[in-house]
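Counting convention: from 1, in listed order, for ligands and their atoms alike. Note that these values count all heavy atoms, side chains included, but never hydrogens, waters or copies made by symmetry.
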Amino acid sequence: MNKNEILRKIPRVDHLLSLKETEKLCSEYGRERVTEIIRKELEDFRDKVLMAKEETVQWETSAITSYVTDCIKKRVQETSEPSFQRVFNATGILLHTNLGRAPLGKKQMLAVMESMTSYSNLEYDLSKGKRGKRQAHYAEVICQVTGAEAAVAVNNNASAVALILAAMAEKKEVIVSRGELIEIGGHFRIPEVMEQSGAVLRETGCTNRTRISDYEQAVNEETAAFLKVHTSNYRIVGFTEDVSIKELADLGEKKRLPVIVDLGSGVLVDLEKYGLAHEPTVQEVLNQGADVVCFSGDKLLGGPQAGIIAGKKKYIQAMENHPLMRALRLDKFTTAALEATFREYLNEEACWENIPVLRMIARTEEELLTQAEEIAWELDSCGYAGEITVEKSLSAVGGGSLPGEVMPDYAVGIFPKKETAQELAVRLRKLPIPVIAHISNDKVMLEMRTISSEEKQEFAGELREAL
Ligand SMILES: *Cc1c(COP(=O)(O)O)cnc(C)c1O
């Protein structure tokens with residue numbers, strides 16, 4: 001068939017718009033949008049014909065119409081799907097930055113929901129009947145839980161570091177060990193953040209060894225503070241030496257200089273209880289004499305994305321009054337979630353149950369094995385051409401926390417016979433609730449620690465469909 005002949009047979013936009021099927025789409029999704037998509041699909045069809053080999057093209061008007069209408073329907077539906085959606089995290093990495101880090105628990109969620117759909121006392125003092133401070137909602141409970149004098153929170157920990165330096169050390173020197181000039185990823189590098197916030201980096205010591213005398217010798221009349229950065233995403237091992245916060249705080253007192261600690265992940269509880277390495281807690285760091293400490297809201301704290309700054313009142317006040325504060329402040333949803341998160345920590349036992357990240361850490365091997373067996377059993381009976389196994393495996397905290405630390409886990413392994421593991425993994429990512437798995441030895445591995453017991457039924461049901 002001649003190409004020009006086919007091009008002449010392509011239906012007109014008006015004709016397609018008058019079809020019953022398209023009319024339905026118009027009433028659901030809007031006429032203008034559907035018309036635009038029709039134009040786009042007709043153009044694509046024209047290109048398709050022009051690109052095809054002469055002898056292979058064979059199209060009648062009716063076939064073109066039905067082909068194009070199908071494409072239109074698909075395209076309209078695709079562009080109507082929200083892009084942002086829930087997924088199942090079967091990677092075994094608890095704080096997966098690409099998967100949104102910490103999920104929130106029920107009380108945290110309810111607090112956010114209420115702040116969303118109603119007016120609130122966000123910046124209103126109910127007892128005085130006039131303007132209040134948005135920090136008021138969470139500052140007190142943070143102080144109660146951490147023992148700090150004062151607290152404030154901003155958009156994330158990266159902005160917390162920037163605000164601290166801008167408020168405490170603008171145009172002045174800040175002394176940092178060469179072993180702590182870290183990059184967190186996503187362009188967060190201590191030397192660069194420092195430059196941006198107007199502080200001058202004064203390096204001291206060596207990559208593997210820094211002594212208190214190094215800090216002392218680096219002090220001069222331009223010095224504004226000491227900064228310690230918790231090396232949260234790597235470890236220096238071997239011939240090493242490091243200065244404790246206590247030692248640095250003593251030096252700070254002698255020299256009348258504040259000690260700032262970027263703690264990275266804000267742990268408030270003892271993780272050793274569950275077999276993980278000791279991670280310094282916010283309370284410990286403050287007890288050892290740090291003047292200001294900052295940490296993330298959505299790492300091990302298990303709350304919303306935020307940067308929490310806790311410490312001496314005079315420094316926190318300087319930050320609250322800094323012009324950057326207005327640019328970095330929390331919105332009302334996060335304010336609500338943050339307060340709810342810290343309130344969970346008022347009850348030391350309940351937080352292990354109510355904060356999902358802590359709950360995941362606390363899950364026992366038996367619990368994980370039972371869940372893996374249950375899911376494997378469900379998948380076994382669905383007639384998939386492949387082998388379903390239960391395997392001992394490992395999961396990690398992730399999110400740049402506790403490098404090298406792993407927790408025992410169990411995984412459901414799927415070894416496909418009629419497709420590759422890669423192909424199966426792609427299919428799982430296309431499910432209504434996409435499943436993010438990992439591949440090991442040609443098997444798709446579904447780690448159990450990050451699939452909660454509330455989710456497991458839905459998770460197994462969806463996988464059965466897919467297999
Ligand atoms: C994760 C981390 C940050 C950045 O925190 P965000 O909340 O992701 O902005 C900064 N410093 C350290 C040491 C960290 O581990």
All heavy atoms of Ala150 vs all of Lys313, minimum pair found to be CB-CA, 3.8 Å

With sequence neighbours left out, what residues match His322 under side-chain hydrogen bond (donor to acceptor under 3.5 Å, both in side chains)? none

Exactly which residues line ligand 1, taking a heavy atom under 4.0 Å from it as the test? Arg101, Asn156, Asn157, Ala158, Ile182, Ile184, Phe188, His230, Ser232, Asp262, Gly264, Ser296, Lys299

Basic-acidic side-chain contact under 4.0 Å: Arg343, Glu339: yes

Hey, are Asp250 and Lys254 close enough for a salt bridge, meaning a charged N less than 4.0 Å from a carboxylate O? no

Contacts table for residues 256-276: side-chain donor-acceptor under 3.5 angstrom, sequence neighbours left out:
from	atom 1	to	atom 2	distance (Å)
Asp262	OD1	Asn157	ND2	3.0
Asp262	OD1	Gly264	N	3.1
Ser265	OG	Leu300	N	3.0
Ser265	OG	Ser401	OG	3.3
Asp270	OD1	Glu272	N	3.1
Glu272	OE1	His278	ND1	3.2

May I have the list of side-chain donor-acceptor pairs in residues 164-177 shorter than 3.5 Å, sequence neighbours left out?
from	atom 1	to	atom 2	distance (Å)
Glu173	OE1	Asn220	ND2	3.2
Ser177	OG	Gly179	N	3.0
Ser177	OG	Thr210	OG1	2.8

